[in-house]
J.: 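The structure is given below, and queries will be raised subsequently.
Heavy-atom basis, side chains included; hydrogens, waters and symmetry copies ignored. Within every chain, numbering begins at 1; the chains are lettered A, B, ... in the order of the sequence lines, protein sequences first and strands thereafter.
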Amino acid sequence: MTLPVGRRAKTTAASPVEHRSFGVMAGADPRSTTCGVDLGTVVDGLPPLVMTPCRASTRSAGLAACGRALARWLLRCAAVLVAVGALCFAMTEALPGDTAQRVAAARYGAENLTTASVEGIRGDLGLDRPWAPRFAVWLGMLFQGDVGVSAVTARPVWTDIGPPLRRTMMLAVIAWPASILFGVVLGVVLARSRAGLAAAQLLGAVAAGLPSYVTGILLGSVFAIALGWLPVAGYGSASHLVLPAITLTLVAGLRLVLVTARAAHDASQHPSIGFARMKGLPETEVAAFHILPLAAPPVIAYAFIGLAFLLEGAAVVETVFAYPGIGSALVDAVLARDVPVIQGATIAIAILVVTANSLADGIARFGVAR
Amino acid sequence: MTNPRAIGIAILGCGVLAMALGPLVVTADPLRQDLARALSPPGWPFPLGSDALGRDAAARLLHGARLSLSIAASSVLTASLAGTLLGLLAAAVGGWVALAVRMAADTALALPNFLLVILIVALTTPGPLGIGMALAATLWVEPCRVVLLTAEQASRSTPVEAARLIGLPRRTIVMRLILPTVLATLTGVVGLQFGQAILSIAALGFLGLGLRPPTPEWGAMILDALPYLQEAPLLFVAPAACIALTVAGLLLATGPRA
């Protein structure tokens with residue numbers, strides 16, 4: 001996709017100020033990643049904040065970029081389905097015992113097993129065929145959204161993991177905005193001095209090093225055990241949501257502090273900030289309306305990485321607080337070797353994480369016009 | 001003392017010192033149970049107290065450190081080596097090889113790391129080898145991507161162009177100009193990866209999916225300490241602090257200079 005040269009020249013001529021956006025350069029090879037950084041990859045640790053500034057794209061180029069982002073998202077989802085499907089297929093192959101017998105036991109109950117029913121299932125599912133055609137059938141079913149029946153409860157997997165998924169989403173809906181508020185406010189405050197920046201870096205390292213379950217246990221031992229304000233674990237009332245939500249807020253928010261602090265520090269070097277201060281604007285106004293908009297693109301992109309991190313971290317945090325979400329459903333399924341549920345839960349979490357990462361990626365590439 | 005890198009190196013130095021001198025002080029067997037002296041407070045003969053089965057917490061911590069670090073180191077080194085070679089190969093050959101490597105990396109990246117680790121651990125037999133393989137399967141991607149990117153950028157840089165113009169052989173250009181740039185970028189990535197590997201091992205142990213008991217392992221020690229949080233808080237605090245300090249130290253030591 002190349003732009004007509006005349007049009008690009010006109011845009012540049014119409015805007016004497018060079019617009020800078022973090023995007024793939026219009027007309028550049030979409031596979032090339034040298035321009036713009038794939039933020040989706042840095043879920044842990046220090047984020048890359050060095051992005052190559054590019055010329056602002058025109059509206060049609062913007063639409064094309066959206067299309068490419070959508071295509072990338074679809075490709076990633078497909079990659080997730082294939083990878084998870086392959087691993088889970090290998091898992092069923094590696095399970096000891098006869099698959100047909102296991103399926104028959106799950107379908108008709110262990111006490112009603114007959115040789116005829118087992119052989120019938122073997123024929124129906126094609127278990128007597130070699131693995132390659134069976135894997136093709138497996139993937140075909142997966143792409144139609146059919147992940148099968150739980151080996152433990154004998155109910156369809158989607159019925160089983162629907163409610164846990166909703167409970168995890170409820171946690172995320174509370175914790176994500178809270179983490180953004182926390183991270184951005186603390187980051188902007190810390191960005192105002194050199195010592196603050198160093199403190200942000202220390203805080204970022206501690207946040208990266210402190211496992212989410214340790215944070216959760218510390219919070220729980222203070223607010224639930226020592227003070228007795230909140231229930232230690234479980235699910236049922238709104239108060240059960242508080243501790244897991246705060247833990248996830250801290251886990252995602254502390255990472256945002258460092259990103260915001262660096263971005264705000266870089267933004268505060270911009271000439272317009274000095275001008276705003278010279279005008280005599282109060283410092284809070286400078287921070288909120290002048291520095292923050294300039295620092296926005298990496299912060300917004302990283303906020304979505306925080307969402308991905310939060311969803312992925314849910315597996316551990318939910319286990320700490322015995323919160324019956326999708327993460328603890330996955331852990332239980334792994335412990336019980338319930339492959340269909342492992343597959344369904346992994347795919348559900350992975351698609352959510354991929355979506356959040358793709359949004360981060362898209363924002364980092366596309367940028368916010370300054 | 002506001003240089004984060006110095007703080008990181010200091011933390012790591014203390015850790016190395018503790019691992020080197022620890023075995024001289026703590027000679028107990030980490031598996032030996034002494035039920036009569038379960039949950040005893042710090043003192044003699046247990047410097048950090050004993051756990052619910054009367055095992056020496058300090059000895060378990062040290063052996064856990066050795067275990068975590070060796071699994072993390074071997075998987076990170078294997079994965080980084082493989083990733084670097086793949087990245088360099090892709091950058092050197094270009095064309096469809098580079099495309100294939102990029103596609104493989106993108107596929108591996110799409111799947112959340114910890115989920116992939118859980119899946120592979122569920123697939124393989126539980127043990128250091130299975131966990132190491134699961135970690136390596138997720139850790140090769142980032143070095144590969146970074147190496148490919150840096151090598152491509154470096155090969156277009158002015159010094160390399162100049163070296164080509166004056167006719168230096170390709171070998172010299174790669175060894176003297178491109179490789180040093182790539183390795184410098186790689187240091188930061190490897191530090192990050194190392195921390196991530198330690199966290200993943202501990203998280204698996206905490207979830208009960210990692211190394212089987214009674215193997216001393218930091219994450220599993222935290223899980224074991226939970227019922228006794230009030231009687232023996234040190235059993236929880238010590239392994240938690242070990243994990244947090246090791247990872248934070250690695251990050252600070254290899255991260256950017258302030």
J.: State whether the number of non-hydrogen atoms from other residues, nucleotides or ligands found under 6.0 Å of A:F223 atom CZ is greater than 12.
T.: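 12 or below, so no.
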J.: Within this structure, what is the CG-CD1 distance for the pair A:L202 and B:I7, rounded to the nearest 0.5 Å?
T.: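 One gets 4.5 Å once the value is rounded to the nearest 0.5 Å.
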J.: Quick check on the interface: out of A:V331, A:I217, A:T319, who has the most heavy-atom pairs with chain B under 4.5 Å?
T.: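 It is A:I217.
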J.: Are any of the side-chain heavy atoms of A:V214 and B:F236 separated by less than 4.5 Å?
T.: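 Yes, side chains in contact.
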J.: Can you say whether B:L226 sits under 4.5 Å from chain A via the side chain, the backbone, both, or neither, judging by heavy atoms?
T.: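 The side chain, not the backbone.
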J.: Taking CE in B:M103 as the centre, count heavy atoms belonging to other residues, nucleotides or ligands within less than 6.0 Å. Is the count above 12?
T.: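 Open: at most 12 neighbouring heavy atoms sit under 6.0 Å from CE of B:M103.
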J.: Ignoring hydrogens, what is the shortest heavy-atom contact between A:A205 and B:A248? Give both atom names and the distance.
T.: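 Closest pair (atom of A:A205, atom of B:A248, distance): O-CB, 3.6 Å.
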J.: Over all heavy atoms of both residues, which pair between B:L251 and A:A208 is shortest? Give the atoms and the distance, please.
T.: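 Heavy atoms only, the tightest pair is CD1-CB, 3.2 Å.
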J.: Testing the basics here: between B:L111 and A:A350, what is the closest heavy-atom pair and its distance to 0.1 Å?
T.: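 Smallest heavy-atom distance, with atoms named: CD1-CB, 4.1 Å.
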J.: As an exercise, state the distance from CD1 of B:I243 to CG of A:L210, rounded to the nearest 0.5 Å.
T.: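 Going from the CD1 atom of B:I243 to the CG atom of A:L210 covers 9.0 Å.
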J.: Below 4.5 Å from any heavy atom of chain A, which atoms of B:L229 appear? Answer side chain, backbone, both or neither.
T.: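 It is the side chain, since no backbone atom gets that close.
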J.: I need the minimum non-hydrogen distance between A:M91 and B:L119, along with the two atoms involved.
T.: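 Taking every non-hydrogen atom into account, CE-O, 3.7 Å.
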J.: What part of A:V353 is in contact with chain B, defined as an atom under 4.5 angstrom from a non-hydrogen atom: side chain, backbone, both or neither?
T.: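 Contact with chain B involves the side chain of A:V353 alone.
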J.: For the residue pair B:L207 and A:A315, what are the closest heavy atoms and their distance?
T.: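 Shortest heavy-atom contact: CD2-O, 4.3 Å.
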J.: Are B:L116 and A:L87 close enough that some pair of their side-chain heavy atoms sits under 4.5 Å apart?
T.: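 The answer is yes, as the side chains (C-beta and beyond) meet within the 4.5 Å cut-off.
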J.: I'd like to know if the side chain of A:R337 and the backbone of B:A122 have a donor-acceptor N/O pair within less than 3.5 Å.
T.: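 Yes, because the side chain of A:R337 sits within donor-acceptor range (under 3.5 Å) of the backbone of B:A122.
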J.: Give the minimum heavy-atom separation between A:P211 and B:L199, together with the two atoms involved.
T.: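 Shortest heavy-atom separation between A:P211 and B:L199 comes out as CG-CD2, 3.9 Å.
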J.: Could you tell me whether the side chain of B:L115 reaches within less than 4.5 Å of the side chain of A:L330, counting heavy atoms only?
T.: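 The answer is yes; the side chains approach within 4.5 Å.
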J.: With only heavy atoms counted, which part of A:T346 is less than 4.5 Å from chain B, the side chain, the backbone, both or neither?
T.: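 A:T346 touches chain B through backbone and side-chain heavy atoms alike.
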J.: When you measure from the side chain of A:E312 to the backbone N and O of B:F114, does any donor-acceptor pair fall under 3.5 Å?
T.: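 Checked: pair present.
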